[in-house]
Amino acid sequence: NSHLNPKYTFDSFITGSGNQMAHAAALAVAEEPGVIYNPLFIYGGVGLGKTHLMQAIGHQMIKIEPGAKVKYVTSETFANDFINSIQTRTQDDFRQEYRNVDLLLIDDIQFFAEKEGTQEEFFHTFNELHDNGKQIVMTSDRLPNEIPKLQERLVSRFKWGLSVDITAPDLETRIAILRNKAEAEHLEIPNDTLSYIAEQVDTNVRELEGALIRVQAYSTLKNADITKSIAADALKLFKLSKEKKGLSIAKIQNKVAKYYHVSINDLKGKKRVKTIVVPRQIAMYLSRELTDRSLPQIGMEFGGKDHTTVMHSCDKIAELVVSDNDIKMAINELKDELRN
Ligand code: ADP
Ligand code: MG
């Protein structure tokens with residue numbers, strides 16, 4: 001009862017340039033838990049295999065040592081369990097549950113941001129496990145020091161072990177992932193078609209898998225074999241191919257500038273007045289949400305700003321979307337216009 005997805009094993013994980021380091025570190029940790037890299041911190045964008053790799057460590061450890069106690073949770077589950085334990089006065093059970101394991105896997109730790117009490121509790125969980133030589137593995141969409149309002153003592157502990165990133169797979173790796181997936185699903189797909197899909201869908205592995213499912217569904221619907229032209233039609237229909245995605249940062253800047261009656265130069269510039277700062281942050285936020293460009297790439301298109309500036313802007317707007325109705329409406333309107 002470790003809550004592991006049976007599919008997320010090392011066997012089904014394809015390695016390539018973007019994940020080689022993370023894969024090697026994960027394997028090493030599975031073989032010698034609590035010894036080499038403790039904690040192991042895996043970070044990177046969505047759909048790149050962080051959860052898969054983290055759970056693979058769990059599977060492998062149980063395979064080597066069947067009695068091993070492995071616990072996998074998302075950081076939200078940890079936070080909820082903790083809050084419930086306070087409400088129901090079962091904090092001892094909570095501690096027993098989390099501190100009495102050989103391997104603790106905490107997924108998407110960025111959601112600890114700003115949760116003071118949970119961070120406090122996790123600090124003690126972490127210390128207890130670490131002191132006893134138990135392995136801790138965490139994932140996040142960013143580095144520990146980039147998580148807003150994460151206590152300094154946690155940031156420093158997260159750096160005790162090893163931090164490795166996962167980046168988007170290159171074309172060869174994407175083809176290999178598709179081929180593996182097609183074989184697992186017993187799908188007959190010609191090589192040129194696999195290459196075509198891999199070329200068109202270059203964002204992340206989750207989208208790649210989604211593309212394959214849609215191509216398959218479309219071919220069934222059309223009662224046709226999966227060929228390159230069927231794949232092309234399917235990807236266009238689902239707006240997955242590059243040709244149809246086509247939303248550029250320039251286009252987003254254009255729309256936002258018009259909406260707020262400011263100039264593109266102001267969006268790219270350094271002026272600190274509120275009437276310009278907010279539209280600038282919104283344009284960065286939308287670039288992050290609606291394109292697959294990285295933080296540094298977005299920074300470049302906004303007059304060569306640092307990726308931390310972009311990140312701060314995105315966080316700021318994400319906050320305002322919740323707390324400020326005007327911003328929320330503006331974002332929704334802009335998104336609608338940009339998508340059509
Ligand atoms: P993340 O946690 O980084 O958002 P996931 O681990 O959920 O990403 O991966 C998304 C999907 O892509 C999962 O179905 C996973 O099995 C698959 N996947 C990701 N990376 C690989 C890989 N290198 N080889 C095979 N499948 C992968
Ligand atoms: Mg994940």
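Read the numbers this way: they start at 1 and go in the same order the structure lists the ligands and their atoms. As the structure is a computational prediction, the values presented were derived from the model and not from experiment.
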In this structure, atom 12 (O) of ligand 1 is nearest to the protein heavy atom V205 CG1, 3.2 Å
**Asked** Applying the 4.5 Å side-chain criterion to the ILVMFWY set and letting contacts propagate, would Y8 and L105 be lumped into a single cluster?
**Response** no
Does the separation of the ring centres of Y98 and F82 fall below 6.0 angstrom?
no
For atom 16 (O) of ligand 1, the closest protein heavy atom turns out to be H52 ND1, 2.7 Å
Out of S12, A184, G47, A176, the nearest non-hydrogen contact to atom 1 (P) of ligand 1 is supplied by G47
TODO: May I ask whether F123 and F41 are part of the same hydrophobic cluster, defined by side-chain heavy atoms of I, L, V, M, F, W, Y residues being less than 4.5 angstrom apart, directly or through others?
DONE: yes
Of I298, L247, V256, V310, the one forming a side-chain contact (heavy atoms from CB on, under 4.5 Å) with S287 is I298
(Q) Between K328 and D324, is the side-chain contact (heavy atoms from CB on, under 4.5 Å) condition met? List the steps. (A) CA-CA 6 Å; K328 182 173 154 188; D324 183 321; over 6 Å; no
The residue among K71, K134, K69 that forms side-chain hydrogen bond (donor to acceptor under 3.5 Å, both in side chains) with D102 is K134
Between Q55 and N5, the two heavy atoms sitting closest are OE1-N, 2.6 Å
Original post:
Parallel, tilted or perpendicular: which fits the ring planes of F13 and H23, with parallel below 30° and perpendicular above 60°?
Top reply: parallel
Closest heavy-atom pair, A22 versus D165, reported as atoms and distance to 0.1 Å, is CB-O, 4.1 Å
Atom 8 (O) of ligand 1: closest protein heavy atom, distance to 0.1 Å, is G49 N, 3.0 Å
In ligand 1, the atoms that come under 4.0 Å of a heavy atom of V46 are 4 (O)
Numbered in order shown, the ligand 1 atoms found under 4.0 Å of a heavy atom of N19 are 23 (N)
* To do: Evaluate the side-chain proximity of K305 to M284: yes if any heavy-atom separation is below 4.5 Å, no if none is.
  => yes
Looking only at protein heavy atoms, what sits closest to atom 14 (O) of ligand 1 is E209 OE1, 2.8 Å
Looking at I42, N180, I14, L53, the heavy atom closest to atom 23 (N) of ligand 1 belongs to I14
### Task
Say whether G45 and ligand 1 are in contact under the criterion: heavy-atom distance to a ligand atom below 4.0 Å.
yes
In short, L104 meets F122 closest at the heavy-atom pair CD2-CE1, 4.2 Å
Sorted by chain and number, protein N/O/S atoms nearer to the Mg ion (ligand 2) than 2.8 Å are T51 OG1
Atom 7 (O) of ligand 1 has as its nearest protein heavy atom R206 NH2, 2.7 Å
